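Here the structure is a predicted model, which is why all the values come from computation and not from measurement.
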Amino acid sequence: MVDTLAHEDELQELFEATIARHDRLEPRDWMPEGYRRTLVRQIAQHAHSEIIGMQPEGNWIGRAPSLRRKAVLLAKVQDEAGHGLYLYSATETLGVSRDELTEMLIDGRQKYSSIFNYPTLSYADVGTIGWLVDGAAICNQVPLCRTSFGPYGRAMIRVCKEESFHQRQGFELLMTMMRGTEEQQAMVQESVDRFWWPALMMFGPPDADSPNTAQSMAWGIKTHTNDELRQKFVDMTVPQAARLGVTLPDPDLRWNPERGHHDFGQPDWQEFARVVKGHGPCNAQRVAHRRQAWEDGAWVREAATAYAAKQEESA
Ligand code: FAQ
């Protein structure tokens, strides 16, 4: 017993030394249970967000205004599926199967990003999601390329490259509409008005109300706080909005020369809490759609498992 405890102490020291060196933990390395649980929570939530996030934009694939726009949107939505799969694979290295993760999503035990509970009401929303939602995702995810768990950080490198392309296609789509008719310009402004505050909520609650940030930073899972990344996003987006010619719907938004950053207003945090608890405009629809797809795909999973077992038998 004493030996086991001494051994655990050594393992804990090794773990802490790895974190202190800003080195990476790999799946077979010893890690504290809390570290593993936090990673499963965050990476699974991230994976679910990518998969649920296919729905709002997928809604416009059949109604894209040209073949070119349709091809771009199809490719983007497929990229999001790919991101979900890399992230599920990273979570599986922590000892949870993809089946278990999906079950936890569809019965509400795990979350996905609040942003995907808002509807896409006009085609301009496809551009706004690319510009603002992928833009926020990049701000949050570039630092995650250096997160302390190897498989997560490596998945993020590829994901970020693709998200950059997504953001540019959104900006280009909006710029094209802003050069169009007055109706098209009004569609863009209306879409930005709806998505601005939910995009700020993507970074999570303010630091003072974020139960996980301090421990996740100490473990090198997160390298910046929620408020730091939200500020970075605002500073990055304001000049882009000016270039597009849209107004960001925040009367308190202004440059603060003393801080060297923009001051800005707070999102409605009560709305955020409602959406995260399942009471946003589209929560029920998003989860029902995912559950249906999971049930409809059961025969494919069974067939693939049976085929794999046969292959093993004959090998
Ligand atoms: N929505 O203590 P914190 C994308 C939860 S991918 C829902 O601050 P943490 C690509 C949080 O889980 C977008 N829940 O938590 C794309 C925690 O839950 P608990 C997804 C939220 O983890 C683009 C509780 O609140 N990106 O967009 C949200 O330290 C276009 C307390 O919060 C990622 O997942 C929220 N917005 O920090 C796809 C990035 N915020 O403990 C398609 C990775 C917080 O009750 C189309 N994740 N919660 O279970 C992260 O960086 C972090 O998990 C944060 C939250 C920053 C999101």
Side-chain angles (χ1 to χ4, degrees), residues 40 42-64 67-94 96-106 110-120 123 125-138 140-142 144-145 151-170 173 202 282-283 285-305 308:
V40 169
Q42 177 165 328
I43 310 174
Q45 171 169 324
H46 195 163
H48 298 324
S49 302
E50 302 281 357
I51 299 296
I52 296 276
M54 295 166 74
Q55 293 184 37
E57 288 177 288
N59 180 33
W60 284 92
I61 292 172
R63 290 176 287 165
L67 184 58
R68 172 173 173 261
R69 292 291 176 196
K70 187 171 173 146
V72 171
L73 184 54
L74 260 176
K76 180 185 190 293
V77 172
Q78 283 177 350
D79 282 353
E80 308 300 357
H83 299 173
L85 298 187
Y86 314 148
L87 288 164
Y88 282 130
S89 299
T91 324
E92 283 184 309
T93 68
L94 292 157
V96 201
S97 75
R98 195 177 305 177
D99 285 11
E100 288 172 282
L101 294 168
T102 306
E103 296 290 344
M104 286 196 265
L105 167 68
I106 60 182
Q110 284 185 338
K111 299 185 169 85
Y112 58 90
S113 181
S114 50
I115 190 75
F116 302 116
N117 292 306
Y118 291 86
T120 42
Y123 180 69
D125 290 354
V126 170
T128 308
I129 288 181
W131 176 43
L132 294 181
V133 176
D134 285 278
I138 293 168
N140 169 268
Q141 289 169 25
V142 166
L144 287 174
C145 295
Y152 191 26
R154 288 190 287 274
M156 279 300 101
I157 292 171
R158 178 146 178 196
V159 168
C160 284
K161 284 186 182 156
E162 293 176 352
E163 301 291 26
S164 295
F165 158 74
H166 295 170
Q167 197 216 11
R168 280 165 205 210
Q169 69 80 37
L173 191 164
M202 286 175 71
C282 299
N283 296 61
Q285 176 190 336
R286 301 287 186 240
V287 175
H289 190 83
R290 184 71 196 98
R291 177 179 288 115
Q292 190 65 52
W294 182 243
E295 286 168 7
D296 290 350
W299 70 270
V300 180
R301 293 191 296 279
E302 275 163 31
T305 311

Chemist: What is the minimum heavy-atom distance between Leu173 and Tyr123, and which atoms define it?
Modeler: CD1-OH, 3.4 Å

Chemist: Assess Arg69 against Trp60: is NZ or CZ under 6.0 Å from the centre of the six-membered ring, and within 45 degrees of the ring's axis?
Modeler: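 Checked: cation-pi criterion not met.
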
Chemist: Step by step, would you call Gln42 with Tyr152 a side-chain contact (heavy atoms from CB on, under 4.5 Å)?
Modeler: CA-CA 10 Å; Gln42 177 165 328; Tyr152 191 26; 3.4 Å; yes

Chemist: Which heavy atom of Ala136 sits nearest a heavy atom of Met202, and at what distance?
Modeler: CB-SD, 3.8 Å

Chemist: CZ of Arg98 to CD of Glu103: how many Å apart, nearest 0.5 Å?
Modeler: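 The CD atom of Glu103 is 14.0 Å from CZ of Arg98, to the nearest 0.5 Å.
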
Chemist: Kindly indicate, with the supporting measurements, whether the criterion side-chain hydrogen bond (donor to acceptor under 3.5 Å, both in side chains) is fulfilled by Glu100 and Ser97.
Modeler: CA-CA 5 Å; Glu100 288 172 282; Ser97 75; 3.2 Å; yes

Chemist: Side-chain contact, heavy-atom cut-off 4.5 Å: Val126 with Thr120?
Modeler: no

Chemist: Hey, does the side chain of Arg290 reach the backbone of Arg286 with a donor-acceptor pair shorter than 3.5 angstrom?
Modeler: no

Chemist: Are more than 12 heavy atoms, taken from residues, nucleotides or ligands other than Arg63, located less than 6.0 Å from that residue's CZ atom?
Modeler: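 Counting neighbours around CZ of Arg63, more than 12 heavy atoms of other residues, nucleotides or ligands fall under 6.0 Å, so yes.
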
Chemist: List the steps and the verdict of side-chain contact (heavy atoms from CB on, under 4.5 Å) for Tyr118 and Cys282.
Modeler: CA-CA 6 Å; Tyr118 291 86; Cys282 299; 6.0 Å; no

Chemist: Go through it in stages, so that I can follow the logic: the residues are Cys160 and Ile138, the test is side-chain contact (heavy atoms from CB on, under 4.5 Å), and I'd like the CA-CA distance, side-chain angles, deciding distance and then a yes or no.
Modeler: CA-CA 6 Å; Cys160 284; Ile138 293 168; 5.6 Å; no

Chemist: What pair of heavy atoms forms the shortest contact from Val287 to Leu105, and how long is it?
Modeler: CG1-O, 4.5 Å

Chemist: Enter the distance from Glu92:CD to Leu85:CG here, rounded to the nearest 0.5 Å.
Modeler: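 Rounded to the nearest 0.5 Å, the CD-CG separation comes out at 9.5 Å.
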
Chemist: State, yes or no, whether a side-chain contact exists between Gln110 and Gln45 at a heavy-atom distance under 4.5 Å.
Modeler: no

Chemist: Where is the tightest heavy-atom contact between Gly62 and Lys70, given as atom of each residue plus distance?
Modeler: CA-NZ, 4.4 Å

Chemist: Take His48 and Lys111 through the side-chain contact (heavy atoms from CB on, under 4.5 Å) test and state the conclusion after the steps.
Modeler: CA-CA 7 Å; His48 298 324; Lys111 299 185 169 85; over 6 Å; no

Chemist: Nearest 0.5 angstrom please: His166 NE2 to Ile129 CD1, how far?
Modeler: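 It is 12.0 Å, given to the nearest 0.5 Å.
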
Chemist: Between atom CD of Gln285 and atom NE2 of His289, what is the distance when rounded to the nearest 0.5 Å?
Modeler: 8.5 Å

Chemist: How long is the span from the CD atom in Glu80 to the CD atom in Gln55, to the nearest 0.5 Å?
Modeler: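 Output value for this atom pair is 12.5 Å.
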
Chemist: Between Lys76 and Asp134, does any side-chain N to carboxylate O distance fall below 4.0 Å?
Modeler: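 So Lys76 pairs with Asp134 through a salt bridge.
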
Chemist: Measure from the side-chain N and O atoms of Arg301 to the backbone N and O of Trp294, and report whether any donor-acceptor pair falls under 3.5 Å.
Modeler: yes

Chemist: NE2 of His46 to OH of Tyr88: how many Å apart, nearest 0.5 Å?
Modeler: 11.0 Å

Chemist: Locate the shortest heavy-atom distance separating Asn117 from Ser113; write the atom from each residue and the value.
Modeler: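 Looking at all heavy atoms of both residues, the shortest contact is ND2-O, 4.1 Å.
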
Chemist: Search all heavy atoms of Ile43 against all heavy atoms of Leu87 and return the closest pair with its distance.
Modeler: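 Heavy-atom minimum between the residues: CG2-O, 3.5 Å.
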
